[in-house]
Structure formats: structure tokens, C-alpha cells
Amino acid sequence: MERPLIFAANWKMNHGPEEARAFAQKFLALTSAVEGRSLWFFPPAVSIAALSETLGNRPDVSVGAQNVHWEPKGAFTGAISIPMVMEVGARLTLVGHSERRHLFGETDEQAARKTRAALNAGITPLVCVGETLAERDGGRTEQVIVRQLGPIFQALQPGDWAKVLLAYEPVWAIGTGKNATPDDAAQIHELIRLELGRREVVQRVPILYGGSVNSGNVAFLLSRPQIDGVLVGGASLDPAGWAELIEQGSRSKVRPSGGYDIIAG
Ligand code: PEP
């Protein structure tokens, strides 16, 4: 089966509920559902309900959380649990985004616990990995990616991977305007696929690229068969710009068979 084509918007700490509603209304008028293409939004947690309500029942569109705790409830001030985000409409969650790792000290082990908890609760995890500039310059990119994936391989059974997605996001490319070349990105995607293969994990795990993707470079990136979609921050914040990026990216390849079946809902 063909892997899907996924456009995922990470709004980071932008767009409260009112802005999210206004975004959704404009965005729905600018795009229509296309078979084999999934459009995902990761708004701030407080906007999940507003966004999923306004986006309504478009079968190609889903909303997710940017971060969750692995425990379902308890004394974790400031944290939000998976059942809570599911209750307000989230069907996916980012795990281990580089800003969580580098600004908030999230570890590889915590990312693995979140991935396990997401699967247990029935929500689809999109797990992010990627090296810093120092790690890249030091020739340690592969080592870092393999290290980040290690606890996740330990926490999951091979069959679990049918419900997991990965995103390769080089930290030096996030929000910097410097994106990896399609060749660089494809090479790391291949490395990740090799690691999956070594553990007999299904080859269908979609792998997204993220890091300064915009409407000018998206088609080049997605022209590589190794890249199954894009995870986009800055260029997803404006409805017209995001719709244009999706349009440009979709020109390069819309996979003929089926979108991605996320596990919740
Ligand atoms: C991201 O937040 O995951 C990201 C890739 O950001 P940007 O597109 O702004 O580099």
C-alpha cells in the first residue's frame, strides 16, 4: 500500500481559540478534501476544541495536541493528559518536538513514555527526532537519531508501529529559514527507515520532514519518495499561506491510495 501524503501544521504558542476559529473558517473555504492527502493541525491545547469544532467533519482534516503527559491524571501542575486532549477533539499528538526537548528538557525516555501512553489511550503519536547544529557539525547526526529512537523501540512492540508516525526535524532548520536540502532530508529518512527495518518494523511508518518548509521549497522536498509529508511551523500560521503551501506540495505527488488512518475516533 502506498504511504499517504501529510501536511501537518504546528502552531506552537500561536492562535488562541478565537484566532483558531477565524483561521479554520478561512482555511476551509480555500481547500477541499483530496483523496490520499491528510491535513493535520497542532494548535495550543486551549484551542483544540475551538479548532476541531470549526473544522467540523472534513474527513481529511484532524486536530492534535502539541504535547501531553504520559499519566492520565494526577499531581502534575501545568501538564495536560491524553484523555483530556481527546475529550476536546484531539486525535493525534506530537511527541518529542525539539522545542520540548531543548527548551523544556524533555528526554528521550520521556518521549518514549508519551509515545507508549498515546498508543495505550488510542491517540496517534507523531514522534519528532533531529540533531542540533553542533551535533551535525560534529558528524553525529546518525548517532543522535539512533539514540533518540532507542527508548521508543524499547517501549513499543513491532506491531505498534502501524499506528506511529515519525518526523525528522533537524533542530538547526526549525524556525531559522535554513532547510535541509531534499538530498540531506532523504538521506536521514533512509537511515530512519533502515533502523525501522532492522527491528522488523512495518515499512509503512510515514516519515515527515520539518524545518523551514515553505511554499517555495515544499514541492522539492516532497518530490523525494522518502518524504511522506511535512511538519510546518511558521508557514502554517496564515490560512492563505498554509493553503498555498498545501497546494504547491500536493502538485509534486498525491498518493493514489488512501489517507492515513489515525487510530482515535
Ligand atoms: C516545527 O515547529 O516543527 C517547525 C518545523 O517549524 P518551522 O516550520 O517554523 O521551521
Side-chain angles (χ1 to χ4, degrees), residues 3 6 8-10 12-13 42 66-67 70 93-116 118 125-156 158 161 164-201 203 205-214 216-236:
R3 290 193 297 270
I6 297 163
N10 173 19
K12 313 191 188 205
M13 201 169 69
F42 296 92
Q66 294 175 10
N67 180 42
W70 56 82
T93 184
L94 294 180
V95 173
H97 186 276
S98 73
E99 285 150 19
R100 297 301 317 167
R101 292 177 189 266
H102 296 288
L103 300 178
F104 298 98
E106 189 167 308
T107 64
D108 300 336
E109 286 70 26
Q110 288 172 338
R113 288 180 84 169
K114 292 179 184 193
T115 306
R116 180 69 265 166
L126 168 48
V127 182
C128 307
V129 294
E131 82 286 5
T132 64
L133 187 58
E135 289 162 344
R136 179 184 173 83
D137 288 347
R140 298 199 304 280
T141 298
E142 299 196 2
Q143 192 186 321
V144 169
I145 305 287
V146 171
R147 189 207 73 215
Q148 289 173 333
L149 287 174
I152 302 194
F153 281 122
Q154 274 172 19
L156 269 50
W161 285 87
V164 176
L165 296 97
L166 296 173
Y168 169 54
E169 296 208 303
V171 181
W172 49 269
I174 297 180
T176 59
K178 291 183 210 155
N179 64 307
T181 65
D183 281 345
D184 284 344
Q187 191 190 335
I188 302 301
H189 283 225
E190 264 174 25
L191 163 82
I192 295 172
R193 220 163 266 300
L194 218 72
E195 286 297 305
L196 293 171
R198 283 194 329 118
R199 287 160 172 96
E200 295 172 20
V201 168
Q203 286 300 300
V205 178
I207 308 174
L208 278 54
Y209 169 78
S212 296
V213 177
N214 58 41
N217 60 29
V218 66
F220 295 111
L221 289 157
L222 287 175
S223 66
R224 299 302 158 116
Q226 295 90 344
I227 302 178
D228 299 309
V230 285
L231 177 55
V232 181
S236 71

Chemist: For Q110, give me all partners under side chain to side chain donor-acceptor pair (under 3.5 Å), at least two apart in sequence or on another chain.
Modeler: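 Partners of Q110 under the side chain to side chain donor-acceptor pair (under 3.5 Å) test: none.
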Chemist: Using the side-chain contact (heavy atoms from CB on, under 4.5 Å) criterion, which residues pair with N67? Sequence neighbours excluded.
Modeler: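 Partners of N67 by the side-chain contact (heavy atoms from CB on, under 4.5 Å) criterion, ordered by chain and then number, come out as R100, E106, K114.
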Chemist: Please find the pair of heavy atoms, one from P206 and one from D228, that lie closest to each other, and give the distance.
Modeler: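 Answer, listing the atom of P206 first, then D228: CA-OD2, 3.4 Å.
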Chemist: Is there a donor in the side chain of Y168 and an acceptor in the side chain of Q226, or the other way round, less than 3.5 Å apart?
Modeler: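 Result is no, nothing qualifies.
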Chemist: Which distance, rounded to the nearest 0.5 Å, do you find between the CG of L133 and the CD of E131?
Modeler: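 Going from CG on L133 over to CD on E131, the span is 8.5 Å.
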Chemist: Using the test side-chain contact (heavy atoms from CB on, under 4.5 Å), find all partners of A180 that sit at least two apart in sequence or belong to another chain.
Modeler: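 A180: side-chain contact (heavy atoms from CB on, under 4.5 Å) contacts with P170, W172, D184, A185, Y209.
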Chemist: Who pairs with Q148 by side chain to side chain donor-acceptor pair (under 3.5 Å), at least two apart in sequence or on another chain?
Modeler: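 With sequence neighbours excluded, Q148 shows a side chain to side chain donor-acceptor pair (under 3.5 Å) to no residue whatsoever.
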Chemist: Could I get the full list of side chain to side chain donor-acceptor pair (under 3.5 Å) partners for R199, not counting sequence neighbours?
Modeler: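 Testing R199 for side chain to side chain donor-acceptor pair (under 3.5 Å), a comparison that skips the adjacent residues, returns E195.
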Chemist: Closer than 3.5 angstrom, by distance alone: can the side chain of R116 be matched with the main-chain N or O of A155 as a donor-acceptor pair?
Modeler: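 Side chain of R116 to backbone of A155, a donor-acceptor pair under 3.5 Å: yes, one is there.
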Chemist: Which residues satisfy the side-chain contact (heavy atoms from CB on, under 4.5 Å) test with A219, sequence neighbours excluded?
Modeler: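 In terms of side-chain contact (heavy atoms from CB on, under 4.5 Å), with neighbours along the sequence ignored, A219 is linked to S252.
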Chemist: Taking ring-ring contact (aromatic ring centres under 6.0 Å, His included) as the definition, give me every residue that meets it alongside F220, ordered by chain and number, with sequence neighbours left out.
Modeler: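 Scan of F220 (ring-ring contact (aromatic ring centres under 6.0 Å, His included), adjacent residues dropped) gives none.
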Chemist: Where do R101 and A111 come nearest, in terms of heavy atoms and distance?
Modeler: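 In terms of heavy atoms, the two residues are closest at NH2-CB, 4.1 Å.
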Chemist: Measuring from L149:CG to L196:CG, what's the distance to the nearest 0.5 Å?
Modeler: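 Between atom CG of L149 and atom CG of L196 there are 7.0 Å.
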Chemist: Considering non-hydrogen atoms only, spot the tightest contact between V205 and V164 and give its length.
Modeler: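 Here V205 and V164 meet closest at CG1-O, 3.5 Å.
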Chemist: Supply the atom-to-atom distance L165 CG to L208 CG, rounded to the nearest 0.5 angstrom.
Modeler: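 These two atoms lie 6.5 Å from each other.
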Chemist: Please identify each residue that fulfils side-chain contact (heavy atoms from CB on, under 4.5 Å) with Q143, with sequence neighbours left out.
Modeler: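 side-chain contact (heavy atoms from CB on, under 4.5 Å) check on Q143 returns R140.
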Chemist: Shortest non-hydrogen contact from L231 to A167?
Modeler: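 Closest approach of L231 to A167: CD2-CB, 4.0 Å.
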Chemist: Please list, chain by chain and in numerical order, all residues satisfying salt bridge (charged side-chain N to carboxylate O under 4.0 Å, His left out) with E169, sequence neighbours excluded.
Modeler: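 For E169, no residue satisfies salt bridge (charged side-chain N to carboxylate O under 4.0 Å, His left out) once neighbours in sequence are set aside.
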Chemist: Are any of the side-chain heavy atoms of I192 and E142 separated by less than 4.5 Å?
Modeler: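 Sidechains of E142 and I192: no contact.
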Chemist: Apply side-chain contact (heavy atoms from CB on, under 4.5 Å) to residues T141 and I188 and explain how you reach the verdict.
Modeler: CA-CA 9 Å; T141 298; I188 302 301; 3.6 Å; yes
Chemist: Keeping to residues at least two apart or across chains, list the salt bridge (charged side-chain N to carboxylate O under 4.0 Å, His left out) pairs with something in residues 146-156.
Modeler: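 Every pair satisfying salt bridge (charged side-chain N to carboxylate O under 4.0 Å, His left out) with a residue in residues 146-156: D108-R147.
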Chemist: Taking all atoms of both residues into account, what is the closest heavy-atom pair of N214 and A235, and its distance?
Modeler: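 Where N214 meets A235 most closely, the heavy atoms are CA-CB, 4.2 Å.
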Chemist: Mind checking side chain to side chain donor-acceptor pair (under 3.5 Å) for S212 and listing every partner two or more places apart, or none if nothing turns up?
Modeler: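 With sequence neighbours excluded, S212 shows a side chain to side chain donor-acceptor pair (under 3.5 Å) to no residue whatsoever.
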